Structure formats: structure tokens, C-alpha cells
Amino acid sequence: MACKAGKKSAGRYGDGLMIWHPADMPAPLLRVELEDIPGIGTNMARRLYRSGIQTTEQLYRLQPKHMRKLWNNVTGERLWYALHGYDIQAPEAERGMFGHGRVLPPESRSLHGAYEIARLLLIKAARRLRREGYYCAGLWLWLSIRDGSWSSKHHLPVVNDDQAILTGLDALWRQVRADYPGGLTIFRVGVTLYNISKANQRQLDMLLMDDKRRQRWESASRAIDELNARYGRTVMSLGMWQPPVGGHVGGKISYTRIPSTEDFW
Amino acid sequence: MTSWKTQIQVRDLDDNQRLEMTCRSCGHVHYLTRTMICADPEREFLYLDEVERETVCRARGCSGVVRMSIQSNSKTSGFVGGLA
């Protein structure tokens, strides 16, 4: 928070160098706007306002358990300790999903063009899912369109092969076509595989007798991955492999992950 | 010359740790794991610089010298309540 305050110092874009000495606390902290506190976004701020907390000072005066109650989880209590100078470390985050998104080039903003890029992004996400030994049980598609956004989810049996995942994308894309029969302009597309479980922890669907079929598709996906790894690029994929102009399909530096060379194949 | 590769043995690696081998001639990348290196007995005692020296590029017809890098297994944490 001190660094963040340092970036705004004296009406200029500062260098982020700001030291708050213990003897001076909490005065500099109380000058920070409530919504500038990391961890308090628009929704949380609204919740705090509803509870009569309008300023950082009011938040600072709360009790830890009160903050926990406001947050509805332990994060509130952790934030109390952080605000009061305790060295609280965030717990190790566990992976919850695999996803990719991309702004579409002008020539790919039609339904067909966007689908092709969504397909490539999804194949990339599925490759990462397999590389890290996970299965997924859901697919989320998000589109940025002229009037806002469109999104929908699709349940998958616990799978990690390209065929099953692309079938899920087809189902979602049929939904898009049904919602927009006259077509639409899509500016950005995002795909996410969620509800993930480790290969040795997955729960199979008792009512879905497709294990044999799945195993065959999993073998096919594995063979495709091995071929691509051997040649160091995408030499085989389900469907055409035509990256859009500008490249960068699934191979970007995210906030939480450094991409590996494989992400660019 | 001393580097991290001269100080780490194959047996020090995690089972799922991958080594990225990039060809210095053609840029082809392939990956090695501890299991792949330890296909023969006693290879877990090799130092990583020895592994790097004996590995060649796998692209067809290349067999170039490779540069080894180690992939980080740990993921950076997402932002959690202003504490990350």
C-alpha cells in the first residue's frame, strides 16, 4: 500500500518509493481512500458503505472478527492484521482453472472468425490442462460484444481430451448462434476450463458409460501432444490450425504465470 | 566456471521437474524429466551441466548443442486480500 501511495505522490506519477515508519502509523494509512486499499473493490466497497463504513479510519477502528463477518470469510480478518502491521502471508494459491482470452483482429470479429480463435484458445488451454495432469468438468465461454458481453457455461463429464472439450465449445457456440441469429460483432473472446481435478482425484459419472470412448480419445490427444512436442510446434491438431494475424494465441504473460515455450507452439 | 548447473544433481530434482533444452543452432525445444534422465542406473548422480553437455538437439538432422534451463514449478499467487 505504501508503494501504491508512492506512485501517486505530490500530483505526479511517482517511483513507488514510499516508506511508512512505525512511529508515524496509522496517519499515512488513514489518508488512503477506502477503495484504494488492495482487496477492496467496487462490490466490497458497496458492502462496507451499506454497513456504515465510509472511510479508511472507520475500517481501521473495526475489530478483526467484525471484519471477518463483513467479508464473510477469513480474508477480512487477514486484511485487519495486514492493516495493523502484522506480517501476514497469503496462503499458497491452488490452481482453479485453465483459460485463455484474446482481443480479435478486425477480420475475425464475425461469428465464424471468433469461433475459430475460440477453438485455438481452447485447444491451447486443454494442452496445458493435460500437461499439468488435470481433468475438467466445465467450460465457460465469454464474448465481448457491442452491447456488453455474453457468457455461458457448459457442463462436461470429467474430461481432458480435445474431442470432448471441443464438443462442449460447439454446444456453447450453437447457443450463441441461437441468441444472435442475425450474427454479431465480437471484439474479444475468452474460454475457461473450470471445476478441475487432479487425474487421481476425479469422480467419474456413474450414469455415463463412455469410458472406453473417452480412453480412446485420451490416447489420441496424448499422441497429438507427443507429436507436437517432438517437432516443437503444432504439426497436428483436431481441425485446422491457423493462428490469427499477430499470433499470440494462448502464449502471453499473465499475472500469475510465466509461459513456457510450449505455450507458443 | 561455476554455475547452478554444476551444483545440482539429477537426484535433487522433483519428480515432476522439467528441464527445458533449447538448441543453440535451430532453436528447437525439448524437455527432459528426472525419469527420462534416469533410464539407466546411477544417472541420478549426474550434475546438470553434465546432462546439458551430453544432450543434443532432437530436431531431425540437427544434433546441435543445447542450452538447459529449468522450469519453475511454483506459480505466483493471485492477489488475496491485499496480502499477496
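Everything numeric in this text was worked out from a predicted model, so none of it was measured. Below, read A as the first sequence line, B as the second, and so on, with proteins coming before strands; counting in each chain starts at 1.
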How close do Val29(B) and Trp265(A) get, counting heavy atoms only, and between which atoms?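 Taking Val29(B) first and Trp265(A) second, the nearest heavy atoms are O-CZ2, 3.9 Å.
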[X] atom [atom1], over 12 foreign heavy atoms within 6.0 Å:
X: Lys69(A); atom1: NZ; value: no
X: Glu33(A); atom1: CD; value: no
X: Met25(A); atom1: CE; value: yes
X: Arg233(A); atom1: CZ; value: no

Let me know if Arg230(A) has heavy atoms under 4.5 Å from chain B in its side chain, its backbone, both or neither. backbone
To the nearest 0.5 Å, what is the distance between NE2 on His28(B) and OH on Tyr231(A)? 9.0 Å
